[in-house]
Amino acid sequence: MKVRLLCMLSLVLLVLAVSSCRRDHLYYASSGTATILVEPDWSRSGVHPNGVTVYAYNASDGSLYKRFPPVAATAKCYVRLPEGDYTLLVMNDTPEEFAGKIAFTGEESLSTFRAMGVKDEQRSLRLSEQLTTKAEAGEELYCIVEPDTLAVSVIRGLHVTPEMLDYFYDRPDEGTGVESPIEVKTAPSSVISTVNIKAHVKGLKYAKGTTLSFLRGVAAGHRLGLEENTLEQAAHAFVLNSRVFDEGSDSDGTIKARFLSFGLPGNGETDSRYYLDINFVLVNGENHPLTFDVTDLISVDVSLSLQLSLNLDLEIELPEVGEGEEGGGFNADVVEWDDETVDIPM
């Protein structure tokens, strides 16, 4: 009898112990959010990021739900969202890391979030003086600093249901993902274009060098949520250099420049005009300014990395002058040639 009573008592204690453990697990049953694993593939973007930043916007009105803390590009990118419909915006690095190169504005709404070129005050003044001289000041363009590489993807239609919410039997570790998160794969693409300018110049030997050149009419920024460039236009100031004489010629040759830009305004199908201003300084010290409408010369190449490349190729002819002729005097802004040595196979 005593043995039976002892067995029954042990059984009751075992049941109580098991029930107690189950109550402890139920205390941490649900987090109220779903864990999303964002997996960006940067291989075709031309960007090698240090980190990843994710924004979550409410799909209903485009308002910002949360900007998540950045994670290292080598780490897994987890974001947690409650039940609802969302649009995710994924970008390389953080807006703060682009300071001085790109200014981010309007992040509180997907429709107003923009990456804008930073105004270059000194070069804008130079451009303004030049346009005033040409009676073109009404264009109201300004120069922007060459932007840094930026790649973005927008993930629309992310629907978080009650069934997707995380449930735990033990307290989850802070900052780690669940065993089976919802995986979202995306491939960010570059919103920055490469501009290649090459000019073949007849009589290149008559130029001592150039001052600042300007490409006018390019986009001033990019509308991240709408995935298109702004209609607002700006200009780039750059130096045409790298002189290479034609094979067998000591007179004619090419000069070129390469820089980053937001590219064409809007979706590239606007009626915008693009102008290139080059000011040669001849060997006699005389300024020789030239302006080209290059709208019809712009060609757009999409490389394997999906980076837009804008190519300008034009012909220029300079007047024959001698160093002893009277000219416009010394120009302190002249950039003399950085000659390139080209190996000619024998």
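Basis for what follows: all heavy atoms, side chains included, without hydrogens, waters or symmetry-related copies. As the structure is a prediction and not an experimental result, all values here were calculated from the model.
Listed for the Asn287 side chain is no donor-acceptor partner under 3.5 Å among the backbone atoms of Val281. Listed for the Asn92 side chain is no donor-acceptor partner under 3.5 Å among the backbone atoms of Val52. In terms of modelled atom types and a separation under 3.5 Å, the side chain of Thr33 and the main chain of Leu81 share no donor-acceptor contact. Formation of a donor-acceptor pair under 3.5 Å by the Arg243 side chain with backbone atoms of Ile255 is not found in this model. Side chain of Thr87 to backbone of Ala59: no donor-acceptor contact under 3.5 angstrom is found. Counting only distance, with no hydrogens or angles, the side chain of Ser124 and the backbone of Cys143 share a donor-acceptor pair below 3.5 Å. Under the 3.5 Å distance criterion, the side-chain polar atoms of Tyr57 are matched with a main-chain donor or acceptor of Glu107. Using a distance-only test at 3.5 Å, with no hydrogens or angles considered, a donor-acceptor pair links the side chain of Ser45 to the main chain of Trp42. In this structure, the side chain of Asn229 engages the main chain of Leu264 through a donor-acceptor pair within 3.5 Å. Side-chain atoms of Asn50 never come within 3.5 Å of backbone atoms of Asp93 as a donor-acceptor pair (strictly under, hydrogens ignored).
Considering only heavy atoms from C-beta on, Met116 stays 4.5 Å or farther from Ile102 through its side chain. Counting only heavy atoms from C-beta outward, the side chains of Val47 and Pro188 never approach each other to under 4.5 Å. Residues Val38 and Tyr78 are not in side-chain contact: their nearest non-hydrogen atoms beyond the backbone lie 4.5 Å or more apart. Contact annotation: the side chain of Leu212 never approaches that of Asn279 to less than 4.5 Å [non-hydrogen atoms, C-beta and beyond]. No side-chain heavy atom of Asp120 sits less than 4.5 Å from a side-chain heavy atom of Ile144.
Side chains of Thr186 and Glu39: a donor-acceptor N/O pair is absent below 3.5 angstrom, by distance only. Ser109 and Ser111 form a side-chain donor-acceptor contact under 3.5 Å, judged by distance and modelled atom types alone. A donor-acceptor contact under 3.5 angstrom links the side chains of Asp246 and His200, judged on distance only. Checking Asp85 against Asn58 by side-chain atom types alone, no donor-acceptor pair falls below 3.5 Å.
Checked against the 6.0 Å centroid criterion, the rings of Phe259 and His236 qualify as a close aromatic pair. Residues Tyr65 and Tyr86 place their aromatic rings such that the two centres sit under 6.0 Å apart. Aromatic ring centres of Phe98 and Phe104 lie closer together than 6.0 Å.
By the 6.0 Å contact criterion, CZ on Arg258 is open, its count of non-hydrogen atoms from other residues, nucleotides or ligands being 12 or less. Residue Glu96 qualifies as enclosed at atom CD: its count of foreign heavy atoms under 6.0 Å is above 12.
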### Message
Let's go through Phe238 and Val195 carefully: what are the C-alpha distance in whole Å and the side-chain angles of both, what is the deciding distance for side-chain contact (heavy atoms from CB on, under 4.5 Å) to 0.1 Å, and is it a yes or a no?
### Response
CA-CA 11 Å; Phe238 59 95; Val195 179; over 6 Å; no
### Query
Going through the distances and angles, do Ser272 and Gln233 end up as a side chain to side chain donor-acceptor pair (under 3.5 Å)?
CA-CA 9 Å; Ser272 302; Gln233 296 175 312; 3.1 Å; yes
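Among residues two or more places apart in sequence or in another chain, the side-chain contact (heavy atoms from CB on, under 4.5 Å) test is passed with Thr53 by Tyr55, Arg67, Pro70, Met91, Thr94.
A salt bridge between Arg223 and Glu232 is absent, with no side-chain N of the basic residue lying under 4.0 Å from a carboxylate O of the acidic one. Between Arg216 and Asp277 there is a salt bridge, since a side-chain N of the basic residue sits under 4.0 Å from a carboxylate O of the acidic one.
Taking CG of Asp313 as the start and NZ of Lys198 as the end, the distance is 4.5 Å to the nearest 0.5 Å. Atom CD in Glu183 sits 8.0 Å away from atom NZ in Lys76 (nearest 0.5 Å).
A side-chain contact (heavy atoms from CB on, under 4.5 Å) with Ser213 is found for exactly one of Val335, Asn241, Leu240, namely Leu240.
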